Every structure is written in structure tokens, then in C-alpha cells.
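Everything on this sheet refers to the single structure shown next.
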Amino acid sequence: MKAIKDILDQQRHLFQKGGKYENFYYLFEMAETFLFTPDHTAPTKGVQVRDAIDLKRLMMTVVIAMIPCLLFGIWNVGHQHYIATGQVASFIEKFGIGCYVVLPMLLVSYAAGGLVEVIFAIIRKHPINEGFLVTGMLIPLILPPTIPLWQIALGTIFAVVIAKEAFGGTGMNVLNIAMTARAFLYFAYPGQMSGDVWTYLGGATPVEGYSGATALAVAYDTSVAGTRTVEAALGDSWYAGLYELKNLFLGAMPGSVGETSTLMVLLGAAILIVTGVGSWKIIVSVFGGTLLMGYLFNLLGLNEFMSMPPHYHLVIGGLAFGAVFMATDPVTASHTETGKWIYGFLIGVLTVIIRVFNPAYPEGIMLAVLLMNVFAPLIDFYVVQANKKRRLKRATV
Amino acid sequence: MSKFVKLKKGFNINLTGAAKKKVVESIIPNVFALKPSDFYGIERPKLMVSEGDTVKAGSPLMFDKKHPDVKFTAPVSGEVVEIRRGKKRKLLEIKILADQRIEYLEFHKYTVSELSNLSREEVLKQLLPSGIWPRFIQRPYGIIANPSDKPKAIFISSFDSHPLAPGYDYLLKGEDHFFQTGLDLLRRLTPGKVHLNIDSDAEVSPLFGAVTGVQVNKFSGPHPSGNVGVQIHHLDPINKGEVAWTISPYGVVQIGKLFLEGIYDASKVFALAGPPVKEPQYYKTFDGAEIEKFVENNLTHDNVRFVSGNVLTGERVEKGGFIGYYDHMITVLKEGDYSEFIGWILPTSKKLSFHRAFGLLSFLNKNQEYDLDTNTCGEERAFVQTGVFEKVTPMDILPTHLLKAIMAEDYDDMEALGILEVIEEDLALCEFVDVSKHPIQSIVREGIDLMMQS
């Protein structure tokens, strides 16, 4: 350890003011602070001891919470590949194919986004913030496994530049960065973001009767055809049991890399809630809003999708993943505690509305989160205004 | 109508090295100092002594141009040995070499029956030149009170919930009579009530339990339940245009002594505490004592920092520095000027955290005492909303929004969001728990300064 420290100390002068690479100081700072927590001490006046938390640890906690989804996603990409092509494969083989597909996605996302971060940090002369640790991981998890890598790079760069840096950088963005990347790709390259893209075939011919449709698409089609219930349609899949409720919950089905398994998402949610990093209020209220809206639609029952039992909404599509990892993004969510309830609840409600009524976007959570990101400051405004009014009411002058 | 307030939000920082209940009286340092930087709200201090002058305890050393009646006086008798100035001749310290036997400047001595008939003007006439007046702090802004104001109430917090802070009941043992006399005199200064706020989580000491003529309120909960600003917020919050005063129990006792004995008694028991202190205990000395003699041969560690006050709101002083006017403790901490290999992710149960993020295990053992040092445990980063400030602020105030309003210099918003109700210490825990390591207390003071100028 001492040796590494010495090497860093020797190079430091190159990056300090007047040094050869002074422009790259924050790059050096990033490397250094990742290796060693700095020897900074508290200032003369004020709090003399500090909490052991720092931004790196906070962000890493979210990354750790996503690891169950990532690992399951890697396996599932392989699993879907082998059942679609009709081959029997071992766990290792499935995981191997999954790694072959997913790891490059992860790498490209981190590299592209990281590059933008570094460039902006150098231009703006501020430290490189650790928030991208989370965003870089989120982006591949919400994309289909078949997406071209250059699109991931493009989407990531677009999202980091437009959604984050244009608004002033870390902590100032209005829109969730990962969701912006997905929305950008969705509208720019619909061919690679919808339809038959959810299973990695890798050039192999699928088995007879194979359909790449997701559970969400199957459910939506019932409302068009109107011949059978959603449950019946889901039960009658090309691969036995693929869209049965149990499997929908476990997540061994086609979909975006990391968001198919509600179980793994709940595991991540447990980590976020126990560590206090994610707001349980938001997670609970998204689920609550979804169930309530689903139930209301049941009462109306105008088409088969509306009559789908509300709990199906929680296990199909990316709702669970979005509720736990996207809606809880503390920067873009409501900042006030009261506001979090409203914010989460409306995300749930909007997701169901978009899913059921909008033929163009079967995945409602993406737009619901982005829409509520935009409304979060408005919700906060009223909550803050209420606080101000309570104070004003007491005053006599 | 006494009130009981149960606070849930907040956080106790448990440190090792709490002072044992033992007072050492034998050590008296030679040099004492008055530090103008201890006082908020003074414009331009004017010196009234020069080097070589002899003074008595209670002799005026300086005054502020804004309120020339209010004198800042010598804690001990002796010779003014040095007047230390900093950049732009800023007055830093007035140092006094103390006599062996302290001589006191004589103030008027009242009998008990005389005291009950004193008017507000007579009380002020005795208080202002005595050196006690700066103990009256005005809310809003946390500055020295303006004697011409008539505060809507006077608030006294009888307990200090800061880390390792000594109990006033212990510091002021046996001063019951002076304390009650002081309280009686406070009632002349306000048309409203005098509030004495006591800790309902601890045994009520006779000093505070038997008082009369004031409203006694009980507070329960973790720090900052002992902060007088938090207490005011729950009892009778400060609104625009209102003024309230606060004073510490020590100041109340000083008032009692001033009127009953006719002296300015700046003798003070303080706690020497902190993880690297060999024998953490109490010492009896005077205001502004030089700390060197107390810490000599009393430390287990060399590379340490001395803090006048507590670890949340205190100020670093040198070994040859002095105890602050408002402080009742010296905290010693190990300096944290070391780096730790991948310390940002290693699991640890040795470091205290309010958070429970990955690897921070201190929440599992709430009563453990920690040997914390001055390391910031991370570097300064862009502000990221985490909602944690709200969890350590037991007031109907939105700290994040208030801080943002301050940084935006938005006067209307600052006021609407409650800047009149807080001073630095009330948001000190936010600075402790902040993920991005920002100087929250300095930001609060900047906001207060802006409001005072407006």
C-alpha cells in the first residue's frame, strides 16, 4: 500500500498548479481518492469530527443493490438464448453467453459516460463525481440485450450531456439520466428498442413457434383482439410456463437485461431500504399507485388488459425495476418527504394508464418516471409553500 | 403552563473520553485572554486598556462602537501583558497575566429586599458594564443582545446535549441561591416569560427542579434537544419582527453573584474530555484560561487537536490557546491527517455514521462509544440530495431548501424558510452527516450575515 501511495505522491506535482498535466488534476484526484481516502481534516471552525459516509460509499451501495439484477440478467440472457434456439445448456454455458452479451454493454456504457464526465470535469474544473457509477450500471440493465453497442454509447453520451451536464452537473439534473438514455434510444432507434429484440439469438434460428414478444406485449394484444383474458393469453405461451405468474415473478423471461426478475429487484429494494439509501416511501407508493389504478381499471373493465388482475402489473415489464432504482433517484425525485408520497403514487398511476391506453409505448414506467421527474419540483414547490405558510401564519406583523 | 416536548429526530455522537466527575482546583494557569472573535454581532471593538495596565476582575477591557454601554471585562485581576492583533490590525486577544490572589472590581451589592424592587433600568445599569451582558444572546441571528430591546421571552436551556458536554447541574453545584436570584432578575428584563428548559431523560437536579417564578419545560430526545434554538421553535417560535433572548445557566449564576456579592465572578468549571485524554475530568479556573497546563502530560497521543467547545460547534485552538467565553469544555481529538487504502468501501464498525450505507456498521450498536478523529472521511463533492438533513433537524424547517435559499442569496425565501429561527449550532448535525462534506454551519452564518445587512 505504501508503495502505491509513494508512487501517487511522486506524481502529484505533475498534476498540481503549474505542473505539466495541471488540466488533468481531477483525473488524478479521482484515481487517488479511489485508492486512498484523503488525509483531509475538518476545518478550524465547525464540526470537528465527520460521519464515515462519503459519496463514493453511498453510490456503491446502490451499485451493490443492483448486482442481484445484473447477475440474474446475465444468466437470463443466456437462458433465453438457449430456450429460443431449442438447445439444452448448463448453468455455466448460459452464464457464459450472458457475459459475452452483457459485459460489453456495461463496459461501453461506463466508458462512454465516464469519458463525458472526465471531459466536463476538466473543462469546468470540478471533481469527477461518483454518481456515474450508478448511471453507468443502470443503462445496460434497462436496454434489450440485442442493442448495438454504438447505440448504447450514443444514448449514454446524449443523456449525460443533455440531461445532466447541460443542467449543471451532478445533483442538478431534472431528469433521471438512465431513463433519458433509454427514452432517447427508444424514440431515435425504435427498430432496436421494440418488437422482436428482447431475446439474444446470436444469428441462430429460433425453434418453431418461437415468439419474441414480452409479457407486456402479449397482455396489450389481448385488448386489441378481445377474445381471451390476459391470464389465458399469458398462460398459452410458445414455451410452457414462460409467462405464468410464478415465472413472471422470478423473471426467467425475455425483456431488458436487468429488469425481468421482480424477485431480484425486491432483493435490491431490500438492500436500498435497509441501508436507507433508497426512499421506502417512493417504492411503496409506486406499488400502491399501480395496484390502485389497476384495481380501478378492473372495475371499469372496458377491455381485457383493463381487466387484468392488478398484481400482474407489478411483475410484467420494468415497473418493479423502475420503482426501485429509477423513481428513488434522490436527485430527480421529490425532495420533500410529503412530496415523495405524491411523486411515487403518481408514477404508479401513470405507468398503468400509459400501459393500458397507449399502443405506441407498451412500457409505461419509462415515461411515467420522466414525466414525474418534471413534476417533482412542482410537488416540492407546494410542499415548501405549505411550510412557509405555517411560518407566516404565526407571525403578527 | 409548562410544556413537555418529545423530539425524535436527531443523533447522539457518543465519544470515548467523557470527563469523570472530579474537579481539580489546584492548577491555575498564569495567562488568561479575552478573544473578540468569540462574540457575534460586534462591529468594531474599541480597546480601553493598553499593555502594562493593571486590571481587576470586572474591569472593562473593550467595548463595541455599536453599543458603548456594554463592556467586555477582565475575567481575572492582573497585568495586561499583550494585545495581539492580526491582519489589518484586527484585535485577536487581550492577554492578562493573573495575580496570585484575584482582586475584584466592586459593583453595587444589593440586599435581598432591595432586589425585589429593582426596575428594569436599575438591573441594566448594573449588568451592562459588568462583563456579563455578552452572555445574553439575541434570537434571531445569535448575536449579543441589544439592551434597548424588550424581548418577548428569555429562554434558558439547562442542559447541553452536545457530544461529551458537561452537565450544568454539575458545573454549578451549590450555586442554587445565585441561580434563583439570577432568574428573578431576568424577569425584569422581559415583559414575557422566562423559560427554563430541562432534560426529561435525565434525573432533575435540585438546582433546576426547585426554581420558582419561571416556566419550566421538559425536553426529551437525542441531540439537538438541548439546543436552545430547537427549544424556542417548539415553545414560542421567533416570527418576523420579534426578538427573544437566550442565556446559559452559567450566565444566570453570574448575574446572581453580581447583584448579591457585587463582583463579576468569571470563575468557571470546565470539562477536559476527548478520546486521547488520559484523565478526562473537570478543572476549576476562570474564563479565557490558557489550556496548556491542563493538557500537559495528560494525553495518550501526540498529534492532537484542541477544540474549545464541543466537537460539533467548537473551534480549534492551539496548545497555547485559550478557552472561549461561551465554552465549558475543551475537547481533544486525534488529528486525522492520514489516508486509508480504499477506505471509502471497507466495512467498518469503528467509525461512527448516522447512515447505514454499505459497510457502515455503527448503527448495529447504538450505545458504543467511538474514538473519532478529525479526518473528514471523504472529500468534498457536489451536493447530492439525500434527505438526511431533514432526519437530524427536529424542527418544522426544511434545511436543504433553507441552505439553497442562502446560497442563492434569496432574502425572501431565507426568511420564509426559517432563517430567523436557526443559528449554526441548530444545523451542526447536518454538517456532520453530510455526504458531500460541505461547511453547513458557515453557510448558515453567511445567510444570517446577509439577513442582518438587509
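Quick note on labels: first sequence line is chain A, next is B, and so on, each numbered from 1. The shown structure was predicted, so the numbers you read here are calculated from the model rather than taken from an experiment.
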Polar side chain donor-acceptor pair, A/Thr41 to B/Asp337, under 3.5 angstrom: no
Part of A/Ile128 within contact of chain B (heavy atom distance under 4.5 Å): backbone
Interchain contact, A/Val277 with chain B, by part (heavy-atom threshold 4.5 Å): side chain
Toward chain B, the part of A/Ile273 with a non-hydrogen atom under 4.5 Å: backbone
Region of A/Lys5 in contact with chain B, defined by heavy-atom distances below 4.5 Å: side chain
Just by modelled atom types, is the B/Ala416 backbone N or O under 3.5 Å from a matching donor or acceptor in the A/Arg391 side chain? yes
Can you tell me which portion of A/Glu32 sits under 4.5 Å from chain B's heavy atoms? Options are side chain, backbone, both or neither. neither
Given A/Phe325 and A/Met66, is the side-chain contact (heavy atoms from CB on, under 4.5 Å) satisfied, shown in steps? CA-CA 8 Å; A/Phe325 293 110; A/Met66 284 190 285; 3.4 Å; yes
Against chain A, label B/Ile238 side chain, backbone, both or neither, depending on which of its atoms sit under 4.5 Å from a heavy atom there. backbone
Which answer fits B/Glu340, side chain, backbone, both or neither, if we ask what part of it has an atom under 4.5 Å from a heavy atom of chain A? both
Per-residue contact mode, B/Arg305 against chain A (heavy atom under 4.5 angstrom): side chain
Under 4.5 Å from any heavy atom of chain B - which part of A/Ile64: side chain
Quick one: what part of B/Leu352 sits under 4.5 Å from any heavy atom of chain A, side chain, backbone, both or neither? backbone
Exam field: side chain B/Thr393 to backbone B/Met395, donor-acceptor pair closer than 3.5 Å: no
Quick one: what part of A/Pro43 sits under 4.5 Å from any heavy atom of chain B, side chain, backbone, both or neither? backbone
Exercise: identify the closest heavy-atom pair between A/Phe34 and B/Trp344: O-NE1, 2.6 Å
Which atoms of B/His401 come close to chain A, meaning under 4.5 Å heavy atom to heavy atom: side chain ones, backbone ones, both, or neither? side chain
Between B/Tyr325 and B/Phe39, ring centroids under 6.0 Å: yes
Less than 4.5 Å to any heavy atom of chain B: does that hold for the side chain of A/Val274, its backbone, both, or neither? backbone
Can you find a side-chain donor-acceptor pair between B/Ser308 and B/Glu315 that sits under 3.5 Å? no
Could you check whether A/Phe15 and A/Tyr25 have their ring centres less than 6.0 Å apart? no
Aromatic rings B/Phe389 and B/Phe383: how do their planes relate, parallel, tilted or perpendicular, breaks at 30° and 60°? tilted
Which bit of B/Thr400 is near chain A, if near means a heavy-atom gap under 4.5 Å: side chain, backbone, both or neither? neither
Checking heavy atoms, do the side chain of B/Lys404, its backbone, both or neither come under 4.5 Å from chain A? side chain
